[in-house]
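Written out below as structure tokens is the structure these notes cover.
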Amino acid sequence: MGDEKKVTGTLVLAVCTAIMGSAQFGYNTGVINAPQKIIESFINDTWVKRYNEPVSKSMLTSIWSLAVAIFSVGGMIGSFSVGLFVNRFGRRNSMLMVNILAFVAAALMGLSKVGSSFEMLIAGRLIIGIYSGMSTGFVPMYVGEISPTPLRGALGTLHQLAIVCGILIAQVFGLEALMGGENLWPLLLAFTALPALYQVVALPFCPESPRYLLINLNEENKAKAVLKKLRGVTDVSEDMQEMKEESRQMMREKKVTMIELFRSPMYRQPIIIAIILQLSQQLSGINAIFYYSTSIFEKAGVSKPVYATIGTGAINTAFTVVSLAVVERAGRRTLHLIGLGGMSICAVLMTISLALLVRGTRRASAQVI
């Protein structure tokens with residue numbers, strides 16, 4: 001058991017390098033929030049240069065919303081490509097290859113001000129969204145397959161921790177005193193190239209997934225050599241046997257189409273659970289908070305809305321760490337139910353608060369008129 005829980009340098013390097021992709025997803029989720037006003041000003045200035053008149057409020061809102069939301073569209077596109085890449089090129093090589101998208105996106109977003117083109121900004125957000133969608137599939141798969149069984153759960157949670165840390169870093173860097181100012185905001189968006197550069201340098205020194213080598217490529221000797229490096233032991237027969245048994249079970253399983261997956265009673269309950277779990281997270285409202293929290297706090301009368309946004313990110317990171325510490329004792333289901341209850345209460349309170357805020361603003365405007 002001691003050998004099974006041994007953490008080797010190869011394992012640490014591989015996991016830390018892989019979760020940079022998760023941090024990229026978090027960074028590009030939170031980075032667009034803080035410099036909203038400055039980017040909106042850039043969009044207006046670009047519009048004036050082209051058409052000799054200021055952009056209308058509705059058009060400005062549409063362009064800004066597109067620049068924000070296109071990231072999620074890219075994420076959906078990227079997520080559908082995960083299976084194609086990992087089975088053809090492997091887990092490590094897939095993570096290495098898609099960094100091309102991060103470099104292209106960084107160049108487009110970083111040069112958008114010089115080029116006086118908000119279209120470059122939107123295109124960059126789309127491409128980095130595709131990259132992030134692919135990374136959120138590659139990273140958990142790779143980390144899970146290289147981790148020892150007793151450490152698989154603990155190391156797997158680093159994916160989520162890296163995401164929330166990326167969000168927090170983006171919010172801090174978005175401060176006007178750092179890179180969120182009028183001159184440096186393109187660098188704030190282009191900063192995403194640095195983690196990509198680290199991955200390009202470090203990933204060639206990381207091993208390929210032993211599961212991919214054995215099951216997909218049928219290269220048993222390579223898989224065994226990689227496992228010895230990852231585990232730091234010479235006897236990896238137990239791990240090899242586990243993967244071989246998994247391979248045999250996969251061969252016995254009947255391959256089903258997407259339609260059969262939803263029609264078969266055998267898969268109905270797991271499919272419903274998986275969909276509900278994902279919807280409960282995606283529709284919880286947290287993405288709206290990370291994208292628009294600065295403007296929400298500003299409308300609520302907070303004098304320093306950017307710092308309030310950073311506080312939100314810090315709390316998110318802190319409770320992610322708490323969940324990692326208690327998940328094994330409290331259980332996944334219990335923690336998820338507690339989280340859903342808390343999110344429901346917060347969503348109701350926010351809706352009421354924003355409704356009252358809008359009503360108060362309208363009354364104040366009517367009195368002025």
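Hydrogens, waters and symmetry mates play no part in the numbers below; they use all other heavy atoms, side chains included. Quick caveat: nothing in here was measured; it's all calculated off a predicted structure.
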Margin query: Test your reading of the model: is there a side-chain donor-acceptor pair from Ser112 to the backbone of Met109, 3.5 Å cut-off?
Written below: yes

Notebook entry, point to check: Do Leu189 and Leu121 come within less than 4.5 Å of each other through their side chains, counting heavy atoms only?
Noted result: yes

Checklist line | Short side-chain donor-acceptor distance under 3.5 Å, Thr309 and Ser293 | finding: yes

Check: When rounded to the nearest 0.5 angstrom, what distance separates CD1 in Ile310 from CD1 in Ile167?
Finding: 13.5 Å

Note to self: Quick test of your reading: applying salt bridge (Lys or Arg N to Asp or Glu O under 4.0 Å), list the pairs with at least one residue in residues 19-44, sequence neighbours left out, ordered by first then second residue.
What the structure shows: Lys37-Glu298

Notebook entry, point to check: Can you tell me how far the CZ atom of Phe103 sits from the CG atom of Leu108, to the nearest 0.5 Å?
Noted result: 14.0 Å

Item checked: Met76 backbone acceptor or donor facing Ser79 side chain under 3.5 Å -> yes

Next item on the list: If a pair satisfies salt bridge (Lys or Arg N to Asp or Glu O under 4.0 Å) and one of its residues is in residues 272-292, list it, with sequence neighbours excluded.
Entry: none

Check: Which residues pass the salt bridge (Lys or Arg N to Asp or Glu O under 4.0 Å) test with Arg211, sequence neighbours left out?
Finding: Glu145, Glu246

Checklist line | By side chain to side chain donor-acceptor pair (under 3.5 Å) - contacts of Arg248 (at least two apart) | finding: Glu245

Show the atom names and distances, to 0.1 Å, of all donor-acceptor pairs under 3.5 Å that link a side chain in residues 19-29 to residues at least two apart or in another chain.
unit_1	atom_1	unit_2	atom_2	d
Ser22	OG	His159	ND1	2.6
Gln24	OE1	Thr192	OG1	2.4
Gln24	NE2	Thr192	O	2.9
Gln24	NE2	Thr192	OG1	3.4
Tyr27	OH	Leu188	O	2.6
Asn28	ND2	Gln24	O	2.8
Asn28	ND2	Thr192	OG1	3.2
Thr29	OG1	Phe25	O	2.8

Notebook entry, point to check: Does Phe80 CZ have over 12 foreign heavy atoms under 6.0 Å away?
Noted result: no

Check: Hey, mind stepping through Met240 and Leu227 against side chain to side chain contact (heavy atoms under 4.5 Å, CB included) and telling me if it holds?
Finding: CA-CA 9 Å; Met240 292 294 293; Leu227 277 173; 3.5 Å; yes

Check: Should side-chain heavy atoms under 4.5 Å link Ile, Leu, Val, Met, Phe, Trp and Tyr, which residues sit in the same cluster as Ile315?
Finding: Phe319

Item checked: With Asp45 via side chain to side chain donor-acceptor pair (under 3.5 Å) - residues at least two apart -> none

Side-chain donor/acceptor pairs under 3.5 Å, residues 179-186, sequence neighbours excluded:
unit_1	atom_1	unit_2	atom_2	d
Trp185	NE1	Glu182	O	3.4

Notebook entry, point to check: Can you tell me how far the SG atom of Cys206 sits from the CD atom of Gln199, to the nearest 0.5 Å?
Noted result: 9.0 Å

Margin query: Is there a side chain to side chain contact (heavy atoms under 4.5 Å, CB included) between Lys228 and Val233? Walk through the geometry before answering.
Written below: CA-CA 5 Å; Lys228 288 178 180 179; Val233 295; over 6 Å; no

Note to self: Is the distance from the ring center of Tyr142 to that of Phe138 below 6.0 Å?
What the structure shows: no

Check: How long is the gap from CZ on Phe173 to CZ on Phe191, to the nearest 0.5 Å?
Finding: 4.5 Å

Next item on the list: Would you mind listing every salt bridge (Lys or Arg N to Asp or Glu O under 4.0 Å) that reaches into residues 104-127, with sequence neighbours excluded?
Entry: Arg50-Glu119

Next item on the list: Search all heavy atoms of Trp47 against all heavy atoms of Glu53 and return the closest pair with its distance.
Entry: CD1-O, 3.1 Å

Note to self: To the nearest 0.5 Å, what is the distance between CG on Leu213 and OG on Ser209?
What the structure shows: 6.5 Å

Checklist line | Residues that Phe205 engages under side-chain contact (heavy atoms from CB on, under 4.5 Å), provided they are two or more places apart | finding: Leu13

Note to self: So, using side chain to side chain donor-acceptor pair (under 3.5 Å) as the criterion, who are the partners of Glu208 when residues are at least two apart?
What the structure shows: none

Margin query: Can you tell me how far apart CD1 (Ile163) and OG1 (Thr317) are? Round to the nearest 0.5 Å.
Written below: 11.5 Å

Next item on the list: Return the set of residues passing side chain to side chain donor-acceptor pair (under 3.5 Å) with Tyr267 (not counting sequence neighbours), or none when no residue passes.
Entry: none

